[in-house]
Amino acid sequence: MNSDTELAPAVQSILEAARERSGGDGVDVDARSVPDALADAEAAGRVPVIAEVKPTSPTADGTRDDDPVELAQAMVDGGATALSVLTEPTHFGGSPEALTRIREAVDVPVLRKDFVLDEAGMDVVEADLLLLIARFVDDLAGLVTAARERGFQPLVEVHDRDELETALAAGADLIGVNNRDLAKLEVDLETFESVAPEVPDDVTLIAESGISSPEDVRRMREAGADALLVGSAIMDHGAGDSDVTENTRRLVEAESDAATETETT
């Protein structure tokens, strides 16, 4: 793991809190297939969007106090292919309990979004996918294996080509490229564009962070994204009554809308 001194203070605080949290007694997951969900979305002409239930974050403009299940159902109504649910309580307002309630209420795959640093951190709650951030763990290959043994589909997050190499060496076949630099918390969509060409064709590739418009969706898709993970643009923390269903739909339909516009001009 890279030195914490390279990270933004907010991220250092998140990691410190993660180290202090205890794990559970073990989980055994019967996961919903992410590849199948992505294929179904593509077949239906939808952009595969993983919509994120994120009550708040260190970079958000505010907090949404809506019931997380209602938010999740609204995202699915808007066409979300899968959901990402924050379970980090201190900085993101999430909880394992919220994930369990959401997963019981929807029929799409659900990602547990948290800062999992070791095997004990996996044994908290059942989910279909589990996030592993390459930068923050020492034995990525061991954790990828441990996640699969529990039934999770591990999503390994990287930010640059070196981390991509580490993820591939660890056997990851589901990789997310985070456009947010965790050292400065700055977002640059060119991050995905610089890493994507190095990803093998048999790896499912997800663009994460900074995707806020249909134009961004098309840009990431043209760069090779099989799916997009979107939180803030859907939650719209600065507007507590923002329509989450419509926010999701405008991203899901970004390609079909563009094709319609082209046909009518």
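Count residues from 1 along the sequence.
Nearest heavy-atom pair, A167 versus L140, reported as atom, atom and distance to 0.1 Å: CA-CD2, 3.8 Å. In this structure, S212 and R250 approach most closely via the heavy-atom pair O-NH2, 2.8 Å. When all heavy atoms are compared, the tightest approach of G231 to E52 is CA-CB, 3.6 Å. For the pair N178 and T191, the tightest heavy-atom approach, listed with the atom from each and the gap, is O-CG2, 3.7 Å. In this structure, A80 and V252 approach most closely via the heavy-atom pair N-CG2, 4.3 Å. Here the closest heavy-atom approach between residue H91 and residue A17 is recorded as CE1-CB, 4.0 Å.
To the nearest 0.5 Å, atoms CZ (F136) and CG (L131) are separated by 10.0 Å. Here E165 contributes atom CD and E198 contributes atom CD; the two are 8.0 Å apart, rounded to the nearest 0.5 Å. The CG atom of L132 sits 10.0 Å away from the CD atom of E157 when rounded to the nearest 0.5 Å. In this structure, CZ on F92 lies 7.0 Å from NZ on K113, to the nearest 0.5 angstrom. Put simply, CG on L38 and OG1 on T204 are 6.5 Å apart, with the number rounded to the nearest 0.5 Å. For the atom pair CG of L143 and CG of L117, the computed distance is 9.0 Å after rounding to the nearest 0.5 Å.
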Next on the checklist: With side-chain contact (heavy atoms from CB on, under 4.5 Å) as the criterion, how do V230 and I50 come out once you've worked through the C-alpha distance, each side chain's angles and the decisive distance to 0.1 Å?
Outcome noted: CA-CA 6 Å; V230 184; I50 303 171; over 6 Å; no
Next on the checklist: Please determine whether side-chain contact (heavy atoms from CB on, under 4.5 Å) holds for the pair M220 and L189, giving the CA-CA distance in whole Å, both sets of side-chain angles, and the decisive distance to 0.1 Å.
Outcome noted: CA-CA 8 Å; M220 293 294 92; L189 295 184; 3.8 Å; yes
Checklist entry - Which is it for R103 and E126 under the salt bridge (Lys or Arg N to Asp or Glu O under 4.0 Å) test, yes or no, and what are the steps along the way? => result CA-CA 9 Å; R103 191 164 180 257; E126 293 183 16; 3.7 Å; yes
Item to check | Chi angles and distances behind the salt bridge (Lys or Arg N to Asp or Glu O under 4.0 Å) call for D173, R148 | outcome: CA-CA 12 Å; D173 57 11; R148 288 176 175 150; 3.4 Å; yes
Next on the checklist: Evaluate E208 against R180 for side-chain contact (heavy atoms from CB on, under 4.5 Å), listing each step before the verdict.
Outcome noted: CA-CA 8 Å; E208 305 174 5; R180 188 180 300 280; over 6 Å; no
Item to check | Pair R218-E255, salt bridge (Lys or Arg N to Asp or Glu O under 4.0 Å): steps then yes or no | outcome: CA-CA 7 Å; R218 293 191 285 270; E255 290 179 336; over 6 Å; no
Checklist entry - Going through the distances and angles, do S232 and K54 end up as a side chain to side chain donor-acceptor pair (under 3.5 Å)? => result CA-CA 8 Å; S232 296; K54 179 168 63 174; 3.2 Å; yes
Checklist entry - Run the side-chain contact (heavy atoms from CB on, under 4.5 Å) check on V177 and L205 step by step: do they pass? => result CA-CA 8 Å; V177 178; L205 184 59; 3.8 Å; yes
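Within the 4.5 Å cutoff, the side chain of L99 has no heavy atoms near those of the E104 side chain. Counting heavy atoms from C-beta outward, E88 and S95 have side chains that stay 4.5 Å or more apart. Under the 4.5 Å side-chain criterion, counting only non-hydrogen atoms from C-beta, L86 is not in contact with R112. Counting heavy atoms from C-beta on, the side chains of V116 and L130 come closer than 4.5 Å. Using a 4.5 Å heavy-atom threshold, the side chains of T81 and V49 count as separate. Taking 4.5 Å as the limit, some side-chain heavy atom of L168 sits within range of a side-chain heavy atom of V203. The shortest side-chain heavy-atom distance between V47 and L228 falls under the 4.5 Å cut-off. By the 4.5 Å heavy-atom criterion applied to side chains, I102 and V53 are counted as neighbours.
When the shell of 6.0 Å around CD of E42 is examined, it contains more than 12 heavy atoms from other residues, nucleotides or ligands.
Taking a cutoff of 4.0 Å between a charged side-chain nitrogen and a carboxylate oxygen, R46 and E253 do not qualify as a salt bridge. Salt-bridge formation is detected for the pair R249/E246: a Lys NZ or Arg NE/NH1/NH2 atom is positioned less than 4.0 Å from an Asp or Glu carboxylate oxygen. Salt-bridge check for R21 with D114: passed, with a basic side-chain N closer than 4.0 Å to an acidic carboxylate O. The existence of a salt bridge linking R150 and E119 is confirmed by a sub-4.0 Å separation between a basic side-chain nitrogen and an acidic carboxylate oxygen. Residues D162 and R135 are not paired through a salt bridge, judged by the lack of any N-O separation under 4.0 Å between the basic side chain and the carboxylate. Salt bridge annotation for R221-D226: absent, with no cationic side-chain nitrogen under 4.0 angstrom from a carboxylate oxygen.
Cluster membership check: L185 shares its hydrophobic cluster with F115, using side-chain heavy-atom separations under 4.5 Å among Ile, Leu, Val, Met, Phe, Trp and Tyr. In the hydrophobic clustering of ILVMFWY residues, with side-chain heavy atoms under 4.5 Å counting as a link, I211 and V187 come out apart.
Between the T248 side chain and the V244 main chain, a donor and an acceptor come within less than 3.5 Å of each other. Using modelled atom types, no side-chain atom of E163 and backbone atom of I133 make a donor-acceptor pair closer than 3.5 Å. Between the side chain of Q73 and the backbone N or O of V106, no donor-acceptor pair lies under 3.5 Å.
For S213, the side chain to side chain donor-acceptor pair (under 3.5 Å) test picks out E215, D216, with sequence neighbours left out.
No option in V76, D128, L111 other than V76 meets the side-chain contact (heavy atoms from CB on, under 4.5 Å) test with L83.
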